[in-house]
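Numbering of ligands and ligand atoms starts at 1, following listing order. The structure displayed is predicted, hence computed values, not measured ones.
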Amino acid sequence: MSTAAAYAKPSSDGAFEKVTIERREVGPDDVLIDIKYAGICHSDIHTARDEWGGAQYPCVPGHEIAGIVAAVGSSVRKYQVGDRVGVGCLVNSCGRCVPCLAGEEQYCTNGATWTYNTRVPESAQPGGYTMGGYSTQIVVDESFVLSIPEGIGLDVAAPLLCAGITLFSPLKHWNAGPGKKVAIIGMGGLGHVGVKIAAALGAEVTVLSQSLRKRDDGLRMGAHHYYATSDKETFRQLRGQFDLIINTVSADLPIDNYLRLLALDGTLVILGLPEHPMSVTGRHLAGFRRSLAGSMIGGLAQTQEMLNFCASHGIGAEIELISADEIDSAYDRVVASDVQYRFVIDAATL
Ligand code: NAP
Ligand code: ZN
């Protein structure tokens, strides 16, 4: 076993504090990573504040991890000491079920092991539940480690490990590309990466944000149109327009208003995971044969495909680099939609 410095939330309403955690011994298939950067995803906040229930404390979040390989186990073939690597939301899955065999490990029917807050044997993580990237080191099976291509900085690559794949996967699944009208609701961490990826895929991209405050940024990132959802006229003007709408909003939304913006056979994909259920009126789905769907991150192979795609298109997240003692205030700013566009913790400050 080895120790690592980390920042942990002691309870749902306690402030983050510096702690020392243990990591397992590097096994034959394991990679020890010196973490350089960890993005702050809104899911970290939902979990650490126990908005989804079931949080384990002390809670060390973080599933947008970028760093350098510090040691490898005897059977590791993919990585060497010094390699630039990332870890996303998944650190294990059964490897045998239908989704795992299809490369969709995030939908493992025997229960994927998330990078933090999942119960595991003490041999996998001392303490009995996973602890994430707000720490200086992590030990991960090589199958769940991604290679970060040269050409993307580790700091702007970190958020791609969750935000990037969470948008890339549904954009590919629902064939975003030339001739397709795609709307992205919310210009936050997920949304801004989604704008860049959808534009690079060749789709006609519209941002639906609460206000026009971030319009110039959205257009610079590749959006073709930008509308404020605080303006009722937006919903009248855009009725029946889109082939695909991707909802990245972390709060409750009037879903019916957005369903009516879909064209014939259009799909509204839910990515945002607020704590309350949402309501949908049947006739807004039935009309124009619309679909309401969801999507959860992406599998390991597709995450690597996404990183390679982003590197070849010059896509990284737009970040505000913070020190570890700023995590609490960063959380408050994310919840207030005051982030441009992802906070990333500099692990040197942990
Ligand atoms: P984020 O950075 O906070 O972005 C969310 C954006 O939603 C905000 O920037 C804001 O954009 C908009 N928004 C916030 N409150 C709103 C409100 N009351 N009404 C309307 N719009 C509002 O969060 P994130 O990290 O991108 O994550 C977004 C959600 O996705 C979270 O619920 C997270 O848990 C979930 N998530 C899901 C997956 C998955 O696999 N499905 C993966 C990662 C995260 P504007 O200012 O532009 O309006
Ligand atoms: Zn995330």
Next item on the list: Flag Val339 as yes when one of its N or O atoms lies below 3.5 Å from any N or O atom of ligand 1, and as no otherwise.
Entry: no
Notebook entry, point to check: How close do Cys162 and His63 get, heavy atom to heavy atom, and via which atoms?
Noted result: SG-NE2, 3.5 Å
Suppose we measure from [atom] to each protein heavy atom; which comes out shortest, and what is that distance?
atom: atom 8 (C) of ligand 1; value: Ser337 OG, 3.7 Å
atom: atom 4 (O) of ligand 1; value: Gly188 CA, 3.4 Å
atom: atom 29 (C) of ligand 1; value: Thr248 O, 3.4 Å
atom: atom 34 (O) of ligand 1; value: Ser43 OG, 2.8 Å
atom: atom 37 (C) of ligand 1; value: Leu271 O, 2.9 Å
atom: atom 3 (O) of ligand 1; value: His42 ND1, 2.8 Å
atom: atom 2 (O) of ligand 1; value: Gly189 N, 2.8 Å
atom: atom 47 (O) of ligand 1; value: Ser209 OG, 2.5 Å

Next item on the list: Return yes when at least one N/O/S atom of Cys89 is nearer than 2.8 Å to the Zn ion (ligand 2), and no when none is.
Entry: no
Checklist line | the Zn ion (ligand 2) reached by His42 (N, O or S, under 2.8 Å) | finding: no
Margin query: Rounded to the nearest 10°, what angle sits at the Zn ion (ligand 2) between SG of Cys41 and SG of Cys162?
Written below: 130°
Margin query: Measuring from non-hydrogen atoms of Lys214 to any atom of ligand 1, is the shortest distance under 4.0 Å?
Written below: yes
Notebook entry, point to check: So, does Trp52 sit close enough to ligand 1 that a heavy atom of it is under 4.0 Å from the ligand?
Noted result: yes
Per-atom contacts of ligand 1 with [X], taking only distances under 4.0 Å to non-hydrogen atoms:
X: Gly186; result: 11 (O), 47 (O)
X: Leu253; result: 20 (C)
X: Gly272; result: 29 (C), 30 (O), 32 (O), 35 (C)
X: Met187; result: 9 (O), 11 (O), 45 (P), 47 (O)
X: Val334; result: 3 (O)
X: Ile297; result: 39 (C), 40 (O)
X: Ala251; result: 15 (N), 16 (C), 17 (C), 18 (N)
X: Leu190; result: 24 (P), 25 (O), 26 (O), 27 (O), 30 (O), 36 (N), 43 (C), 44 (C)

Salt-bridged, [X] to [Y], with N to O below 4.0 Å?
X: Asp243; Y: Lys181; value: no
X: Arg24; Y: Asp141; value: no
X: Arg220; Y: Glu318; value: yes

Between [X] and ligand 1, find which residue part has any heavy-atom pair under 4.0 Å and reply side chain, backbone, both or neither.
X: Cys162; value: side chain
X: Asp252; value: neither
X: Thr166; value: side chain

Notebook entry, point to check: Rounded to the nearest 0.5 Å, how far apart are OG1 of Thr113 and CZ of Phe144?
Noted result: 7.5 Å
Check: Taking atom CG of Leu160 and atom CD1 of Ile315, what is their separation to the nearest 0.5 Å?
Finding: 8.5 Å
Check: In a check of side chain to side chain contact (heavy atoms under 4.5 Å, CB included) between Ile40 and each of Ile322, Val339, Ile319, which one passes?
Finding: Ile322
Item checked: With His284, the side chain to side chain contact (heavy atoms under 4.5 Å, CB included) member among Leu262, Asn257, Asp256, Leu268 -> Asp256
Next item on the list: Return the option from Glu275, His192, Arg342, Arg215 holding the heavy atom at the smallest distance from atom 25 (O) of ligand 1.
Entry: Arg342
Next item on the list: Closest by any non-hydrogen atom to atom 22 (C) of ligand 1: pick that one out of Arg213, Gln210, Met296, Gln340.
Entry: Gln210
Next item on the list: Please determine, by modelled atom types, if Gln340 and His192 share a side-chain donor-acceptor pair under 3.5 angstrom.
Entry: no
Notebook entry, point to check: Do we see a donor-acceptor contact under 3.5 Å between the side chains of Gln106 and Glu104?
Noted result: yes
Notebook entry, point to check: Do the rings of Tyr134 and Phe16 sit parallel, tilted or perpendicular, given the 30° and 60° boundaries?
Noted result: tilted
Next item on the list: May I ask you to decide if the ring planes of Phe168 and Phe309 are parallel, tilted or perpendicular, using 30° and 60° as cut-offs?
Entry: tilted
If we ignore hydrogens and angles and just use 3.5 Å, is the side chain of [X] paired with the main-chain N or O of [Y] as donor and acceptor?
X: Thr130; Y: Asn117; result: yes
X: Gln125; Y: Glu22; result: yes
X: Tyr57; Y: Ala48; result: yes
X: Tyr116; Y: Asp44; result: yes

